[in-house]
Structures are given as C-alpha cells and as structure tokens.
Amino acid sequence: MPEITYIRGDATAPSAEGVKVIAHVCNDIGGWGRGFVQALSRRRPEPEAAYRAWHRDRADNDFGLGAVQLVRVEPDVWVANMIGQRGIRRRGEAVAPVRYEAIDTALDRLAVRAVELGGASVHMPRIGCGLAGGTWDRIEPLIDERLVRRGIAVTVYDHEG
C-alpha cells in the first residue's frame, strides 16, 4: 500500500516526474495574501488571478466549501485551489476557520482530477494546518483515504528554514 512521502523542501516547486498537482487550501471569502499563497504567488501569478476571478464570479460557478479549481501553470504542473476554510481567523477568535468536511470533499474531487490528468502526483504543504488552524492528525487520514488509497502519489513538503 502506498504511503504519504514527507520531505523537506518547497511545495511550490515539486520535484517529480510526470504530471504534478500542487494542492493547497483557500478560504471561501476571496482572501489571498497570507500563508502558503504568498510563496505560490511569488513563483506563479496564475493561481491567484484564477482564484480571484472564481470568487468574483461565484454566483455563476461552483465556488464554495469543498470546491476545487485546477489552474495550469506549466505543461506538466497544475495548482489545485481547494476551498477548505470558512472565512479567516481574526485576532482573538477561538474558532479555527478550517472545515475538515470541505477539505475531505475537495480531496475527493482532486483525486478524480488527478486520475483524469493521467495519474498526476499531488504535492502540498501540510494543508489546513497553518492559518486555517487545523491539526495534521485530522487531515492526514483524509489525504490517505481520498488520495493515497486510490494509488495517487502524495508528497508533503515541510518548509526548510
């Protein structure tokens, strides 16, 4: 049975053969500017522009918790903007914005897309555990269930430094 591979490195620059999807969690209010997306935007402008347009036109599309938007950034590299966070955490708020059910749904949808892309591998930071306030012990089993058990190679990057 395949397992999640953990490495130290930069999830915005996956090092693997074949088609790759960089997956990360976004909020459902159109905010982009803190956390992993900063590093992503420094490397590639397309995911942010696509996310902002997706949010702006949300009355006419599927934007919302659990949705996934795939954005092609290179011939063999895609970015998956996954909506798995309700709003953002404001100072002093105790409730984390992470929505595990939405991440689960988004990962399930991502699995379908990875297969459609010819068996793409998935690369990510520890999604949902930064600004979203989630815990890895709740998210790792979702990745295992939705991606790894379907034979999709998953690499989780712990940032160097």
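Since the model is a prediction, treat every value here as computed from it, not as a measurement.
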Asker: Identify whether Ile88 and Val37 are in the same connected component of the hydrophobic contact network (ILVMFWY, side-chain heavy atoms under 4.5 Å).
Answerer: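 No, separate clusters.
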Asker: How close do Gly133 and Ala96 get, heavy atom to heavy atom, and via which atoms?
Answerer: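 Minimum heavy-atom separation between Gly133 and Ala96: O-CB, 3.7 Å.
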Asker: What's the shortest heavy-atom distance between Ile127 and Ile139, and which atoms?
Answerer: O-CD1, 3.0 Å
Asker: Hey, could you give me the CD/CG distance between Glu145 and Asp108, rounded to the nearest 0.5 Å?
Answerer: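 If I round to the nearest 0.5 Å, the distance is 9.0 Å.
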Asker: Say whether Val21 and Val77 are linked into one hydrophobic cluster, either directly or through other cluster members, by side-chain heavy-atom distances under 4.5 angstrom.
Answerer: no
Asker: Around atom CD of Glu116, are there more than 12 heavy atoms of other residues, nucleotides or ligands at under 6.0 Å?
Answerer: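 It does: Glu116 CD has more than 12 such atoms within range.
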Asker: Looking at side-chain heavy atoms only, is the closest gap between Leu65 and Thr105 below 4.5 Å?
Answerer: no
Asker: Indicate if Ile143 and Tyr157 have the same hydrophobic cluster label, given that clusters are the connected sets of ILVMFWY residues with side-chain heavy-atom separations under 4.5 angstrom.
Answerer: no
Asker: Are any side-chain N or O atoms of Asn27 and backbone N or O atoms of Gly30, one a donor and one an acceptor, separated by less than 3.5 Å?
Answerer: yes
Asker: Which residue in the set Glu48, His55, Gln69 passes side chain to side chain donor-acceptor pair (under 3.5 Å) when paired with Asn81?
Answerer: Gln69
Asker: Do Phe63 and Val68 land in one hydrophobic cluster if side-chain heavy atoms of ILVMFWY residues count as linked below 4.5 Å?
Answerer: no
Asker: Taking all non-hydrogen atoms of both residues, which atom of Ser121 and which atom of Ala16 are closest, and how far apart?
Answerer: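 Heavy atoms only, the tightest pair is OG-CB, 4.2 Å.
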Asker: Rounded to the nearest 0.5 Å, how far does OG1 of Thr135 lie from OH of Tyr100?
Answerer: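 That separation rounds to 3.5 Å.
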Asker: Do other residues, nucleotides or ligands put more than 12 heavy atoms under 6.0 Å from Arg89 CZ?
Answerer: yes
Asker: If every non-hydrogen atom of Gly128 is compared with every non-hydrogen atom of Val25, which pair is closest and at what distance?
Answerer: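 Closest pair (atom of Gly128, atom of Val25, distance): N-CG2, 3.9 Å.
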Asker: Can you name the nearest heavy-atom pair linking Ala111 to Arg146, along with the distance?
Answerer: CB-O, 3.3 Å
Asker: Is there a donor-acceptor pair closer than 3.5 Å between any side-chain N or O of Asn61 and the backbone N or O of Asp57?
Answerer: yes
Asker: Check whether any side-chain heavy atom of Tyr51 sits under 4.5 Å from a side-chain heavy atom of Ile83, and report yes or no.
Answerer: yes
Asker: Salt bridge or not for Glu74 and Arg44, using N-O below 4.0 Å?
Answerer: yes
Asker: Would you compute the distance between atom CZ of Arg150 and atom CG of Asp144 and round it to the nearest 0.5 angstrom?
Answerer: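 So the CZ of Arg150 and the CG of Asp144 are separated by 11.5 Å.
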Asker: Could you measure the distance from the CE atom of Met124 to the CD1 atom of Ile4? Nearest 0.5 Å is fine.
Answerer: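 Separation between the atoms: 7.5 Å.
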Asker: Charged N to carboxylate O under 4.0 angstrom, Asp28 versus Arg99?
Answerer: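 Salt bridge: no.
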Asker: Is any side-chain heavy atom of Pro14 closer than 4.5 Å to one of Thr155?
Answerer: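 Of all side-chain heavy-atom pairs linking Pro14 with Thr155, none is under 4.5 Å.
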Asker: Between His24 and Trp32, is the ring pair (Phe, Tyr, Trp, His ring centres under 6.0 Å) condition met? List the steps.
Answerer: CA-CA 12 Å; His24 70 109; Trp32 182 290; 5.5 Å; yes
Asker: Hey, are the side chains of Val154 and Thr5 touching, using non-hydrogen atoms and a 4.5 Å cut-off?
Answerer: no
Asker: How many angstroms lie between atom CG of Leu40 and atom SG of Cys26, to the nearest 0.5 angstrom?
Answerer: 8.5 Å
Asker: Will you find, in the side chains of Trp54 and Asp62, an N or O donor that is under 3.5 Å from an N or O acceptor?
Answerer: yes
Asker: Hey, does Leu117 have a side-chain heavy atom less than 4.5 Å from the side chain of Trp78?
Answerer: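 Contact flag for Trp78/Leu117 side chains = yes.
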Asker: If you count every heavy atom of other residues, nucleotides or ligands that lies below 6.0 Å from Arg138 atom CZ, does the total exceed 12?
Answerer: no
Asker: Hey, what do you get for CG (Leu70) to CZ (Arg113), rounding to the nearest 0.5 Å?
Answerer: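 Going from CG on Leu70 over to CZ on Arg113, the span is 4.5 Å.
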Asker: Measure the shortest side-chain to side-chain distance between Val79 and Glu46 over non-hydrogen atoms and say whether it is less than 4.5 angstrom.
Answerer: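 Not in contact.
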Asker: Is it true that Arg8 and Asp158 have a side-chain N and a carboxylate O under 4.0 angstrom from each other?
Answerer: no
Asker: Trp136 and Met82: same hydrophobic cluster, using ILVMFWY side-chain contacts below 4.5 Å?
Answerer: yes
Asker: Looking only at heavy atoms, which two atoms of Gly84 and Ala102 are closest? And how far apart?
Answerer: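 That would be CA-CB, 3.9 Å.
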Asker: Around atom CZ of Arg34, are there more than 12 heavy atoms of other residues, nucleotides or ligands at under 6.0 Å?
Answerer: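 No, CZ of Arg34 has 12 or fewer neighbouring heavy atoms, counting only those of other groups under 6.0 Å.
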